[in-house]
Amino acid sequence: MAHEMELTMVKGNEALGEAAIRAGCRFFFGYPITPQSELPAYMSRRMPEVNGTYLQAESEVAAVNMVLGAAAAGVRVMTSSSSPGYSLKQEGISYMIGSQLPAVVVNVMRGGPGLGNIQPAQGDYWQMVKGGGHGDYRMISLAPSTVQELVNLTVQAFELADKYQNPVGILADGLLGQTMEPVRFPEIKEDPGPHTKPWALTGCKGRGKRIHTSLELSPEGLEKHNIKLQAKFKVMEDEVQFEAYKCEDADLIVVAYGTAARVARAAVDAARQLGLNVGLFRPISLWPFPSAALSGLVDRGVTRFLDVEMSAGQMVEDVQLAVLGRAKVDFYGRTGGIVPTPREILNEIQKVMGGEAK
Amino acid sequence: MFMHEILIAGFGGQGVLTAGQLLAYAGNFEGKCVSWVPAYGPEQRGGTANCSVVISDQQIACTLVTEPSLCIVMNQPSLEKFEKAVKPGGVLVVNTSLCEKKATRTDITVVNVAATDTAIELGSQKFANMVALGALLGAMPVVDIEMVLKAMLKVMGEDKARFIPANREALKRGMEAAKSAVHA
Amino acid sequence: MSKQIAGKPESMSPVVTHYCPGCSHGVVHRLVAEVLDELGLREQTVGVASVGCSVLAYNYFETDFVQAPHGRAPAVATGVKRANPNACVFTYQGDGDMAAIGTSEVIHAAVRGEKITCIMYNNSIYGMTGGQMSPTTLMGAVTATTPYGRGPEAGMPYRMAEILATTPGAAYVARTHVADVGNIVKTKRAIKKAFELQMKGVGFTMVEVLGNCPTNWGLTPSESNKYVTGEMLPYFPLGELKDVTKEVPAGVHA
C-alpha cells in the first residue's frame, strides 16, 4: 500500500511508518502497545521491502536502547510506543541526549496515569515536552493534528534529529493514530548514512577511536558538557512552528494542539457564525513552544485565551508563561480518553466570552 | 455546508469496517474531505465492531463520531447502543434481519431493511453490509454508488472485479428498500 | 637487534586504569584486547560499556565505544550490530549489570542469536556502588547490604552462563576464571573462540569470567584469588557450557 505518489487513504500509524521510510529510516525497533501497534506491524511488513531492519524488542526499554546503539552506528532509526511504554523509553532518551545521538521517538498517547486505557488522550505533554527522563535536557517535540501533518512532521523529525544530533519526539494520540485520511507521501529519500557523520561508530580504521558516552565524572567536565548542550538547545529554540487561524481580529483565542486543536477549529468556526471574534492558536512544535507568537497576540490587544486539552491541564502552564499575567487564561479539558466535541468547546467559548468562567 | 458524520456498527465479521472504508474512499473520489476511524479496544473481537466516517466539504474537525447524523446498525446490541446517539433529524438504518426490537425514535428517519435476508437471497450474507449501505445512500445520497464500487476495487484489488455486479445489486436492493421505507 | 617480548596490545589505550590494586578487570581487558589484535578486529570493533566498575572501559580499549545505560549493553550492542553487520561488537558487563538489571536484555539477545560477544566479569558483588549484594553473591557472604550474611530471604545465587547456554540462539557460552596463570590462558582461549564464532556469524556468544574484588571483599589480592578458587568455583563450575561447533546436529548419528 501507499507506495505511489497519489493521494492515498492511510491510517495515521501506518502513514507515520511510511513517512519514516520515505525519510530514509531503515531501522525500527519496537514493542506492541495499543493504540500504536499498527506502526510496528507496518514496519515489519515494509522494512524487508526496502532492505531495512525491523526488530521486535523484548520491552520498550530494550527497544529504545537498540535505537541508541543503531544511532551510535550512524543510521536513521526510530522507535514508537504509547504512554506507558513511552515512560519506559525515558531512560534511553536521556542517555541519547547526553551522548548527542539522533533518533525519532514516537508517542501515540492514550489515557493515563498507570495503565489508564487505550483511548486517545494528551496526558503526556509534560513527559515529552518538559523532559520525562533525568537531567537537564530538551528535545524538539512535534504535535501533528492530521494524518498529512503526521507524515510531514515525521520526515522533518529525521532532518532535525540529524541536524542537532538529538532525539526528536512526535507526540500524537490514539485517535490520530487510528484515523484513516487521504495523504500524499513525499519522494523516497536515502539515509545520508554513517559516512556523512563524523561521529558515527564505524570501527576506527584509519582514524582515532570514537566514543559515545553520557558519563563525565568530573563536576567541571560535566558542567562544561551541560553548557555545550544548553547552547545547542538555545539554537534549537529557533525551530518554532505554529498555526494561527482567524487570530487577526480575535478577542478570544483558543489554544490547542493535535486532535484537540482539530475539534477546537470547528468550535472556532461555529463561534464565528454566531458573530463571536474567536481564533485558534495551534502550537505545532510543543518544544520549542511558540511563546513569542502568543506574547505578540497579547501585544496586539488579545486579553483572553482558552486553552483546550485532552488532559487535566498541562500545556496551559506554557500558555500562562507565554502571556506572563498580561492576559487571562482559562482552561477546558477532558480526560480518560474522552475527545471533547466542538459543541462542548463552543459552550466554553461562550461562557468565557460571557465572563462566566472561573 | 456538506457534512455527514456516519457511524456503522454491528458484529465483528459483518463487514462494518469495510463498509465504512468504502464510503470514505467514495467521498474522497468525489473530492470531499474524508476520514475513517475504527473503534479499537478489547471488544474489537467477537463483540460489537464499529467505525466512524466523516465526509465533508470542509476540513474535518473530529474524526471520531459520537453523535452520528447517519447511522447503520447491523444487529440488536448496536441498535440498543446507538439509536439514542443519532442526531435529531438524522437517519438510522436498521438491519431488521438481526434486530428483534424496533427503533422507537420519532425525531429521526428510521430505515428498516432486512439486509442479511436480502444478502442471502443474493447468494451470500457477506453482501449484508452493502445492502445496508445502499439503504443509507437511498435515504441520504452522500456519495454515488458507482464511487462505492470503484472504492471496492481500490481497497480489495482489481482482481476482485468479478464481485462488482453482485455488490452493485446489493447496493441497489438496499436503496430500493430505503425508498419504500422512507415513503411509507 | 632487539626483540620486544612484552608490551601493550594495540587494542589497549596507553592509559592507566582506575581499577583498584589487585583487581582482575585489567587482566580481562587485556585478554579481550589481545584477542582483538590477534584476530585483526580492532579497526572494525565497536565496544559497548556497561555500568559498574567497568563503566570507563571505553577509555581503556583503543576501539570505537559506546556507553550503555545500566544493564542495557546487549540491547545497545544489538542496535550497533544490526546497523553494521560487519562490525565486531562486544559488551563488557559485571554480574550486577548483566545478572540483575540487565537479565532481560542479555537473555533476549541470546534468544535472538545476536552476533555479539558478551563478557561478564562475575565477582559476585556490586563494586562501584560500594560492595552491595549482587544476584551472584554466595550464601552467607557479608556485603554492604547483607551485613549478617546473605540469607535465604535474598534467594540463592544463580548461574547466568548455564541459563544463557539453554537459549536456542546461543552459539558459545563458557565459564572461566582468572585467579591463576593457567586459567588466564584458558580464559583467553574462550574469549577468542567467542569472537571467532561471532565473526563467523554463528550466533550469540558469552564468556562468564570469575574474578576478584579485593577492595569490597576486604581481602588482599592473593586472598581474593583464593576466594575465587576456593569459594566461587564450587558454586560456579568452569567449562564450555555450550559450543554449537562441537554439537552433533539432531538426528545425525555419530
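Predicted, not measured: the structure shown is a model, and the values here were computed from it. Chain A is the first sequence line, chain B the second, and so forth, proteins listed ahead of strands; every chain is numbered from 1.
- From Glu105(C), atom CD reaches atom OG of Ser59(A) across 5.5 Å, with rounding to the nearest 0.5 Å.
- Counting only distance, with no hydrogens or angles, the side chain of Asn65(A) and the backbone of Ala75(C) share no donor-acceptor pair below 3.5 Å.
- Here the CD-OG1 distance, from Glu43(C) to Thr202(A), works out to 10.5 Å after rounding to the nearest 0.5 Å.
- For Arg207(A), the part sitting under 4.5 Å from any heavy atom of chain C is the side chain, from C-beta outward, and nothing else.
- For chain C, the nearby parts of Ala62(A) are the backbone and the side chain; heavy atoms of each come within less than 4.5 Å.
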Checking Ser214(A) against Gln67(C) for the side chain to side chain contact (heavy atoms under 4.5 Å, CB included) test, could you report, in this order, the C-alpha distance in whole Å, the side-chain angles of both residues, the deciding distance, and whether it holds? CA-CA 7 Å; Ser214(A) 55; Gln67(C) 197 256 311; 3.9 Å; yes
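- Between the CG atom of Asn59(C) and the CG atom of Leu215(A) there is a distance of 8.5 Å, given to the nearest 0.5 Å.
- Without hydrogens or angle criteria, Asp64(C) side chain to Lys209(A) main chain gives no donor-acceptor distance under 3.5 Å.
- Note that CZ of Phe65(C) and CD1 of Ile211(A) are 8.5 Å apart. Values are rounded to the nearest 0.5 Å.
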Could you go step by step and tell me if Leu55(A) and Thr78(C) meet the side chain to side chain contact (heavy atoms under 4.5 Å, CB included) rule? CA-CA 10 Å; Leu55(A) 185 60; Thr78(C) 297; 3.6 Å; yes
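- Counting all heavy atoms, side chain and backbone alike, Val66(C) lies closest to Ala72(A) at CG2-CB, 4.1 Å.
- To the nearest 0.5 Å, atom NE2 of residue His70(C) and atom OH of residue Tyr95(A) are 8.5 Å apart.
- For Val75(A), the part lying under 4.5 angstrom from a heavy atom of chain C is the side chain only.
- Between Pro69(C) and Leu68(A), the closest heavy-atom pair is CD-CD1, 4.1 Å.
- Within a 6.0 Å radius of NZ in Lys8(C), other residues, nucleotides and ligands contribute more than 12 heavy atoms.
- When heavy atoms are compared at a cutoff of 4.5 Å, Ser104(C) approaches chain A by way of both its backbone and its side chain.
- Only the backbone of Ala68(C) comes within contact range of chain A, with heavy atoms under 4.5 Å apart.
- Only the side chain of Arg112(C) comes within contact range of chain A, with heavy atoms under 4.5 Å apart.
- Once rounded to the nearest 0.5 Å, the distance linking OG1 of Thr213(A) with CG of Leu56(C) reads 7.5 Å.
- The candidate with the highest count of non-hydrogen atom pairs below 4.5 Å against chain C, out of Leu201(A), Leu217(A), Val61(A), is Leu201(A).
- If you run salt bridge (Lys or Arg N to Asp or Glu O under 4.0 Å) between Arg72(C) and each of Glu91(A), Glu58(A), Glu60(A), only Glu91(A) comes through.
- Heavy-atom distances place no part of Ser94(A) under 4.5 Å from chain C, backbone and side chain included.
- For chain C, the option among Gly69(A), Gly208(A), Ser99(A) with the highest count of heavy-atom pairs below 4.5 Å is Gly69(A).
- Atom CD of Glu38(C) sits in a crowded spot, with more than 12 heavy atoms from other residues, nucleotides or ligands closer than 6.0 Å.
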